[in-house]
Amino acid sequence: MKIGILGAGQLGRMLALAGYPLGFEFAFLDPAAEACAAPLGERQRADYQDRDALEQFCAGIDLATFEFENVPEAAAAFVAARVPLLPAPQALTAGQDRLGEKQMFESLGIPVPKFAAVDSREGLDTAAQHTGLPAVLKTRRMGYDGKGQRVLRSASEFDAAWDALGGQPLILEAFVPFEREVSCLAVRGRDGAMRFYPLVQNVHRNGILRTARPRAGDALQTLAEQYATRVLQHLDYAGVLAFEFFVAGGSLLANEIAPRVHNSGHWSIEGAECSQFENHLRAIAGLPLGGTALRGTCAMVNFIGTAPPLEALAALDGVHVHLYGKLPKPQRKIGHATVTAADDQALETRLAALQALLREDD
Ligand code: AMP
């Protein structure tokens, strides 16, 4: 079976790496000069709006998926009319607009921080009356890794925030003084079967994920699974979906979903019975889903901007290195390591050895 992937970044790369042992082949479409999945399959370098390129992409594959949520709607519809595209385009639409996403959560009875649409400078004042301050002003579309966001603590900051972000649809959200951030990695097969990974505790800095640590037995596991189930069923979803939550007042507030494999699930390559990447492929190919239980204990650390020398990383026991083949650049995810251990104490020791190699600004 040949699977086409829209996007050829590190997620596409890890999907292909998980798929070759199953006998799958891969093709990618991505306009970027640097596309780190390109060595792992046929790669067409073309714009997502290029109909000839899309036609050619579809001609050579049995089924298609995507590795990023900002695939243009028209491109998704074009592909879906020719080969099965999974998850289906409605999942893309649901995740592309922060406002529509929050409204969907509300309609499914999933708690969210207070929010309001902002379409004008005056609208920002009105929205802030609803959300209160502090609040976070975000672009509704195309934001990722904290880009296109401003925290507003007083009305005196509104003009500058509007100057920086205005002129495009925005959303204002109440700032959540969260106790922690967690994500639920869920997978649903074409037959409707579902599995859930243990809740992952995530730490961000400057809006970028730094570490992700799954823990079995989190008190909020069942609630997160219930919320994820509502979204999966509502979207008639096939594949892996990541659901990010704030934990506040001991309960969950929905932040956002990503209709794809997710950085907070990378640990599953070595740390789970079946990785998020293999499970995504199983789900879209109509295979039975793999086990989501932990194998021992683990944590993932991102390499942001730079990575420690491979020789130093390779000298550490239980540190599984993934370098994406991307050029180092400030604030850019260029790789990660998953640290595995038999128990929490051994994990702490190994994590400390890894942290000692990371630079302060990494
Ligand atoms: P997002 O792209 O919306 O996931 O935002 C990136 C990160 O910014 C989140 O993981 C949080 O750490 C922080 N953040 C975003 N929205 C809020 C909020 N409403 N309250 C507090 N922190 C937030």
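Indexing begins at 1, ligand by ligand and atom by atom, following the structure's order. Residue numbers start at 1 and run along the sequence shown.
Pairs engaging residues 281-298 under the side chain to side chain donor-acceptor pair (under 3.5 Å) rule: Glu278-Arg282, Thr297-Asp344 [sequence neighbours left out].
Those atoms of ligand 1 that come under 4.0 Å of a heavy atom in His204, given as number and element, are 10 (O). Close approach of ligand 1 to Val136 is summarised as follows: ligand atoms under 4.0 Å from at least one heavy atom of the residue are 17 (C), 18 (C), 19 (N). Remark: ligand 1 atoms within the under-4.0 Å shell around heavy atoms of Glu181 are 9 (C), 10 (O), 11 (C), 12 (O).
Side-chain atoms of Arg141 do not come within 3.5 Å of backbone N or O of Pro169 as any donor-acceptor pair. Judged purely by atom type and a 3.5 angstrom limit, Glu101 uses its side chain to pair as donor or acceptor with the backbone of Ile257. Under a 3.5 Å cut-off, the side chain of Ser264 and the backbone N or O of Ala212 do not form any donor-acceptor pair. Put simply, the side chain of Arg190 gets close to the backbone of Ile284: a donor and an acceptor are under 3.5 Å apart. Under the 3.5 Å distance criterion, the side-chain polar atoms of Glu270 are left unmatched by any main-chain donor or acceptor of Val339.
The proximity of Asn255 to ligand 1, defined as any non-hydrogen pair under 4.0 Å, is limited to the side chain. Contacts with ligand 1 closer than 4.0 Å are made by no heavy atom of Pro177, backbone or side chain. Both the backbone and the side chain of Val176 come within 4.0 Å of ligand 1, counting heavy atoms alone.
A heavy-atom separation below 4.0 Å is not found between Ala135 and ligand 1.
Side chain to side chain, His262 and Ser183 fail the donor-acceptor criterion of an N or O pair below 3.5 Å.
The option from Lys138, Arg98, Lys114 that lies nearest to atom 15 (C) of ligand 1, judged by heavy atoms, is Lys138.
On a distance-only criterion, Phe246 and ligand 1 share no N/O pair closer than 3.5 Å. In terms of polar-atom proximity, Gln149 is counted as a contact of ligand 1, with an N or O under 3.5 Å from an N or O of the ligand.
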